[in-house]
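First up is the structure itself, then whatever we jot down about it.
Note that the numbering runs from 1 along the sequence shown for the chain. As a basis for the values below, the full set of heavy atoms in this structure was taken, side chains included, without hydrogen atoms, waters or symmetry mates.
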Amino acid sequence: MPIADLLGFHVDEIGDGRAVGSMQTGPQHANPMGTLHGGVLCDLADAAMGMAFVSTLAPDESFTTISLSIQFFRPVWQGRLRAEGRVVNRGKNVGYVECEVTDQDGKVIAKASSICFVLRGEQTRVR
């Protein structure tokens with residue numbers, strides 16, 4: 001994923017409606033207050049949730065996110081983050097996915113959720 005290369009995160013595990021991503025944060029990820037920018041946390045969580053959802057797709061399916069929400073619980077300056085995304089509900093056309101982001105000490109940094117819409121047929125070819 002190009003965004004993973006840009007921000008420096010990795011997707012470590014994918015399968016069975018679950019995915020784990022991780023990254024080492026540093027000063028290059030800081031907001032003006034010096035803490036980790038919330039958008040970076042959101043990108044990491046979004047990637048973990050997206051890959052978890054991808055693992056539920058048939059070969060002729062794709063998807064798009066139609067809703068994304070994140071709640072931040074504590075600031076991060078620098079450290080190792082882990083984002084675990086899991087599909088909570090997968091219907092024929094819509095899925096609900098959640099993600100928990102923790103730091104190297106296992107403390108919860110943020111929780112995110114997304115709603116994904118399954119694309120089929122011509123919808124997957126024009127992307």
Side-chain angles (χ1 to χ4, degrees):
M1 289 183 291
I3 191 65
D5 293 338
L6 178 67
L7 295 178
F9 64 79
H10 308 276
V11 178
D12 304 318
E13 301 174 39
I14 301 173
D16 298 322
R18 182 180 165 276
V20 176
S22 63
M23 74 180 295
Q24 178 65 44
T25 64
Q28 71 275 23
H29 301 113
N31 62 27
M33 282 68 65
T35 59
L36 179 66
H37 192 284
V40 174
L41 268 171
C42 195
D43 278 333
L44 176 62
D46 185 40
M49 291 186 292
M51 292 297 101
F53 197 73
V54 160
S55 75
T56 71
L57 297 176
D60 64 336
E61 294 177 329
S62 184
F63 85 98
T64 189
T65 300
I66 58 176
S67 175
L68 176 64
S69 176
I70 189 165
Q71 292 76 43
F72 306 107
F73 301 127
R74 61 181 69 240
V76 173
W77 284 267
Q78 291 186 38
R80 186 97 184 137
L81 298 181
R82 179 181 189 274
E84 182 172 346
R86 65 181 181 85
V87 177
V88 174
N89 187 59
R90 170 63 153 90
K92 179 180 177 184
N93 296 310
V94 177
Y96 176 77
V97 190
E98 293 180 338
C99 181
E100 184 172 86
V101 182
T102 54
D103 67 9
Q104 65 275 353
D105 299 320
K107 293 181 181 173
V108 179
I109 301 301
K111 286 194 175 190
S113 63
S114 66
I115 298 173
C116 301
F117 184 75
V118 178
L119 303 172
R120 293 180 188 86
E122 188 62 28
Q123 293 174 318
T124 64
R125 286 187 279 280
V126 295
R127 294 188 74 194

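When each of V54, L68, L44 is tested with M49 by the rule side chain to side chain contact (heavy atoms under 4.5 Å, CB included), just one qualifies, namely L68. The salt bridge (charged side-chain N to carboxylate O under 4.0 Å, His left out) test with E98 is passed by exactly one of R86, R18, K111: R86.
Shortest non-hydrogen contact noted between W77 and T25 is O-OG1, 4.1 Å. The shortest heavy-atom contact between A83 and A48 is O-CB, 3.7 Å. Looking at every heavy atom in both residues, A112 comes nearest to A45 through CB-CB, 3.8 Å.
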Full working for side chain to side chain contact (heavy atoms under 4.5 Å, CB included) between L36 and I109: CA-CA 11 Å; L36 179 66; I109 301 301; 5.8 Å; no

Worked verdict on E84 versus R82 for salt bridge (Lys or Arg N to Asp or Glu O under 4.0 Å): CA-CA 7 Å; E84 182 172 346; R82 179 181 189 274; 3.0 Å; yes

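With hydrophobic clusters built from ILVMFWY side chains whose heavy atoms lie under 4.5 angstrom apart, V20 does not share a cluster with V97. Placement of V40 and I3 within a single hydrophobic cluster is found when ILVMFWY residues are connected by side-chain heavy-atom separations under 4.5 Å, directly or transitively. In the hydrophobic clustering of this structure, Y96 groups with V94; members are Ile, Leu, Val, Met, Phe, Trp, Tyr whose side-chain heavy atoms approach within less than 4.5 Å, directly or through other members. One hydrophobic cluster, built from ILVMFWY side chains closer than 4.5 Å, cannot hold both F73 and M23; they sit in different ones.
D43 contributes atom CG, which lies 6.5 Å from atom CG of D46 (distance to the nearest 0.5 angstrom). Rounded to the nearest 0.5 angstrom, N89 CG and C116 SG are separated by 11.5 Å. To the nearest 0.5 Å, atoms CD (Q104) and CD (Q24) are separated by 7.5 Å. Atom CG of L119 and atom CZ of F63 lie 9.0 Å apart (nearest 0.5 Å). In this structure, CG in L41 is found 11.0 Å from CG in L7, a value given to the nearest 0.5 Å. With rounding to the nearest 0.5 angstrom, the CE atom of M51 is 11.0 Å from the OG1 atom of T56.
Shown here are the side-chain hydrogen bond (donor to acceptor under 3.5 Å, both in side chains) partners of D16, two or more places apart in sequence or in another chain: there are none. With sequence neighbours excluded, no residue satisfies ring-ring contact (aromatic ring centres under 6.0 Å, His included) with F9. With sequence neighbours excluded, the residues that form a side-chain hydrogen bond (donor to acceptor under 3.5 Å, both in side chains) with D12 are S22. In terms of the side-chain hydrogen bond (donor to acceptor under 3.5 Å, both in side chains) criterion, T65 has no residue partners (sequence neighbours excluded).
The list of side chain to side chain donor-acceptor pair (under 3.5 Å) pairs with a residue in residues 26-36, not counting sequence neighbours, reads N31-T35. Residue pairs meeting the salt bridge (Lys or Arg N to Asp or Glu O under 4.0 Å) criterion with at least one member in residues 55-72, sequence neighbours excluded, are E61-R90, E61-R120.
Side chains of L81 and D103 form a contact here, defined as non-hydrogen atoms less than 4.5 Å apart.
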